[in-house]
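Protein chains get the first letters and strands the later ones, always in sequence-line order, with residue 1 at the start of each. Any value given below was found using the heavy atoms of this structure, including those in side chains, with hydrogens, waters and symmetry copies removed.
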2 protein chains.
Amino acid sequence: MSKYVDIAQQLITMIEAGEYRPWGLLEGELYLTRLFSVSRVTIRKALSLLKDKGYIHSRQGSGYYVNPSEFYKEQHLTTLSDRYANMNLSSVVLSFDVIDASEEMRKLFQLFENSKLYHYRRTRLVDDVPVTLEETWMPVSLFDDFSESELYGSVMKYIENRNFVISHDFKKVQAVALNSESARHLRKEEHSLSLQIIHKVYLLKSVLAQYTIETQADNQLNALSVR
Amino acid sequence: MSKYVDIAQQLITMIEAGEYRPWGLLEGELYLTRLFSVSRVTIRKALSLLKDKGYIHSRQGSGYYVNPSEFYKEQHLTTLSDRYANMNLSSVVLSFDVIDASEEMRKLFQLFENSKLYHYRRTRLVDDVPVTLEETWMPVSLFDDFSESELYGSVMKYIENRNFVISHDFKKVQAVALNSESARHLRKEEHSLSLQIIHKVYLLKSVLAQYTIETQADNQLNALSVR
DNA sequence: TGACATTTGTCCGTATGTATA
DNA sequence: CTATACATACGGACAAATGTC
């Protein structure tokens, strides 16, 4: 683990523990370099990471300020695994099949004819309350030992444990009205409005590894931009 | 303008001009330091900016790679002004009033009783096609010379020209079905689904300057996360 | 208003670590 | 194994914004 990531995590722990008031001042760079016995470059990288994650912001000539928790907590538009990190996450598998790739899917994944795809649907639950419904396609040619049992854990971790490196997650967000089946699985009213996030997960060298349609139970996502 | 921002913009111009193939290799840090006659630190800051904006990604030991244009073009989840930068953006003002702040709004803006708010609704058009419908509240106490004429340009620029500094834009995204009036203004079918982005725009020192409900004509937003 | 100290932002040179080809 | 390229880290210098006296 690099020093700056380690320092960033320590600072995040302190912020999440509520050791700073919202909008309150964080210690300055000079103080932190002495506290952690590292150079200013390293402290600045750590603080830059905290900025990107929405924990703090800074003003030249003034200092670093801690953001209110709504800026970094709750439903952020990141990967699912990030979003529900450290939560009691479980799965219910609705279907798992190996199917022939349609022409559309062959084009998307850049596969030859007669290629096969894994196709599964599952709900993800936090403390036994459904939070998302996922429908996913993955090429069999990339993952020869994939099986239904992987669906009860993190598929991302399965991919990374197979020595693949995930490089991008490109997302489209759109509004949908839940059909009766989706509503049932998410324990919502039929026709209620929700957000759908369509993921394209890429490995290195532009290889598309996963196409996922994620239907949220909650009709809300948060995001933050800082000047 | 700082060197690294200048360099970043030059590189962005080249990428947008199509001088690199999607997923293609960018010149290395060493080459770029010589090309621009700056240090490696500066080149890395410029490239880091390009990464954040979704133009490129990098792999240690390998190089910097140019992303396909869908990663950085189109409807990204940023501020409206950023999103439609360099486009032929115009406005139709639907209403402009000074109103008494409701209790809810007083709480939100942390105002005293009997405070006034500007309240306006406008559509924003790109090449005469409506792209968003905005409903906005701003405290009169902050902006004493605000007027309807500002609504035909960028309100953000008005704020910044008044020597205020915008520090955060916190956003919630949610799905909505257009009511008949919204649909008419956006030239969509009634009840069609759309995304609504609720903005809280903060100035320095946690001062909330603007609360905006932005209803999109398109039911789509893009985002990218990079490992 | 102006001078000054403080703090973050930018930039340079250099060295070493680590992943890739 | 080796060369290459990005990642991390150090120390130093000056610029620019801020807050205060």
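Across C/dT10, D/dG19, D/dC6, the shortest atom-to-atom separation from the side chain of A/Arg44 is found for C/dT10. Of the candidate nucleotides D/dC10, D/dA16, D/dC6, D/dC10 has the atom nearest to the side chain of A/Val41. Comparing atom distances between the A/Glu29 side chain and each of C/dT8, C/dT10, D/dA9 picks out C/dT8 as nearest. The B/Thr42 side chain lies nearest to C/dC12 when the options are C/dG9, D/dA9, C/dC12. Among D/dC10, D/dA15, C/dC11, the nucleotide with an atom closest to any side-chain atom of A/Gln60 is D/dA15. Closest to the B/Lys51 side chain, of the nucleotides D/dG19, C/dT8, D/dA7, is D/dA7.
Each of B/Lys51, B/Lys53, B/His57 was evaluated against B/Asn67; a single residue qualifies, B/His57, per the side chain to side chain donor-acceptor pair (under 3.5 Å) test.
The phosphate of D/dA7 (OP1 or OP2) has no side-chain N or O of A/Lys45 nearer than 4.0 angstrom. Side-chain N/O atoms of B/Arg59 include one lying less than 4.0 angstrom from OP1 or OP2 on C/dA21. Distances shown here put every side-chain N or O of B/Ser2 at or beyond 4.0 Å from the OP1 or OP2 atom of C/dG9. Close to D/dA7, at under 4.0 Å from its OP1 or OP2, lies a side-chain N or O of B/Tyr64. Regarding contacts with the backbone of D/dC10, a side-chain N or O of A/Ser39 is found under 4.0 angstrom from either OP1 or OP2.
Ion pairing between B/Asp100 and B/Lys116 holds under the 4.0 Å rule for side-chain N and carboxylate O.
Both A/Tyr65 and B/Gly63 lie near DNA chain D, and the one whose nearest nucleotide falls closer to the 5' end is B/Gly63.
Remark: aromatic rings of B/Tyr202 and B/Phe170 are distant, center separation not under 6.0 Å.
One can place CG of A/Leu30 at 15 Å from C1' of D/dA13, the figure rounded to the nearest angstrom. At whole-Å resolution of the value, CG in A/Leu25 and C1' in D/dT18 are 12 Å apart.
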